[in-house]
Amino acid sequence: MHYFVSEGAPRVILPIYERDDFLLEGLQDVVQKEGIETATIVSGIGSLQRANIHTFARFGFPPEEKYQTFEGALEMGSLQGSVIGSEVHAHVTFYHWDTRASMVGHLDPGTQVAYMAEVTLVEIEGVRAERFRDAVGDYRVRDLTRVAVHD
């Protein structure tokens with residue numbers, strides 16, 4: 001994996017992943033090396049040989065999550081998400097040639113590039129936030145830059 005960083009604001013980071021690179025781990029590595037606090041993942045395309053994903057399978061509390069691994073010829077048509085508190089949260093959509101099905105889910109560790117993958121991150125300057133679980137157990141995002149505005 002190697003990456004390019006634009007000059008000026010906002011910073012745009014373009015990581016390029018090659019055969020056998022791990023996608024989520026590579027994204028997290030770029031975030032750490034570049035000191036990114038908050039960003040959006042605006043694009044991701046490429047080919048995968050293994051995709052590890054999870055989705056929620058039952059609405060309610062606690063939510064039930066299902067984990068799946070797909071191997072073979074996988075064409076990644078979309079990768080989107082965010083970086084909040086320097087943590088990557090990405091969703092991936094890909095086509096699995098063997099099953100002729102399109103899949104979508106949270107990108108999990110161990111997802112591996114087949115030939116190449118290109119991702120574009122745009123840093124959001126001046127915003128500091130963190131993910132957390134509230135008292136009920138729901139996921140939330142807390143603004144650390146200012147007092148939150150409520151509707």
Can you find a pair of side-chain heavy atoms, one from [X] and one from [Y], that are under 4.5 Å apart?
| X | Y | answer |
| --- | --- | --- |
| I16 | F4 | yes |
| Y3 | V119 | no |
| M76 | L23 | yes |
| R11 | V5 | yes |
| H2 | E18 | yes |
| R131 | S82 | yes |
| F70 | T99 | no |
| M1 | V30 | yes |

[X] to [Y] - nearest heavy-atom pair and separation:
| X | Y | result |
| --- | --- | --- |
| E123 | P10 | O-CB, 3.5 Å |
| T55 | G105 | CG2-CA, 3.7 Å |
| A9 | E125 | CB-OE2, 3.5 Å |
| A90 | I41 | CB-CD1, 4.0 Å |
| Q28 | S86 | NE2-O, 2.6 Å |

Subject >> Q112 CD to T69 OG1 distance, which is reported to the nearest 0.5 Å >> reply: 11.5 Å

Original post:
Yes or no on side-chain contact (heavy atoms from CB on, under 4.5 Å) for V92 and L107, after CA distance, side-chain angles and deciding distance?
Top reply: CA-CA 6 Å; V92 62; L107 181 68; 4.2 Å; yes

Hey, is the main chain of [Y] close enough, under 3.5 Å, to the side chain of [X] for a donor-acceptor pair?
| X | Y | result |
| --- | --- | --- |
| E25 | G110 | yes |
| T111 | N52 | yes |
| Q80 | G44 | no |

**OP:** Would you sort out whether Y17 and L27 count as a side-chain contact (heavy atoms from CB on, under 4.5 Å), showing the intermediate values?
**Re:** CA-CA 9 Å; Y17 301 89; L27 281 168; 3.4 Å; yes

Original post:
Passes side-chain contact (heavy atoms from CB on, under 4.5 Å), T120 versus V12? Steps please.
Top reply: CA-CA 7 Å; T120 305; V12 178; 3.7 Å; yes

Subject >> ILVMFWY cluster, L121 and I84 together (side-chain gap under 4.5 Å) >> reply: no

Subject >> Atom OH of Y115: over 12 foreign heavy atoms under 6.0 Å >> reply: no

Original post:
Using the ring of each side chain (for Trp, its six-membered ring), is H106 parallel, tilted or perpendicular to H91, with breaks at 30° and 60°?
Top reply: tilted

Subject >> Identified side chain to side chain contact (heavy atoms under 4.5 Å, CB included) counterpart of Q49 within the set D20, L74, V113 >> reply: D20

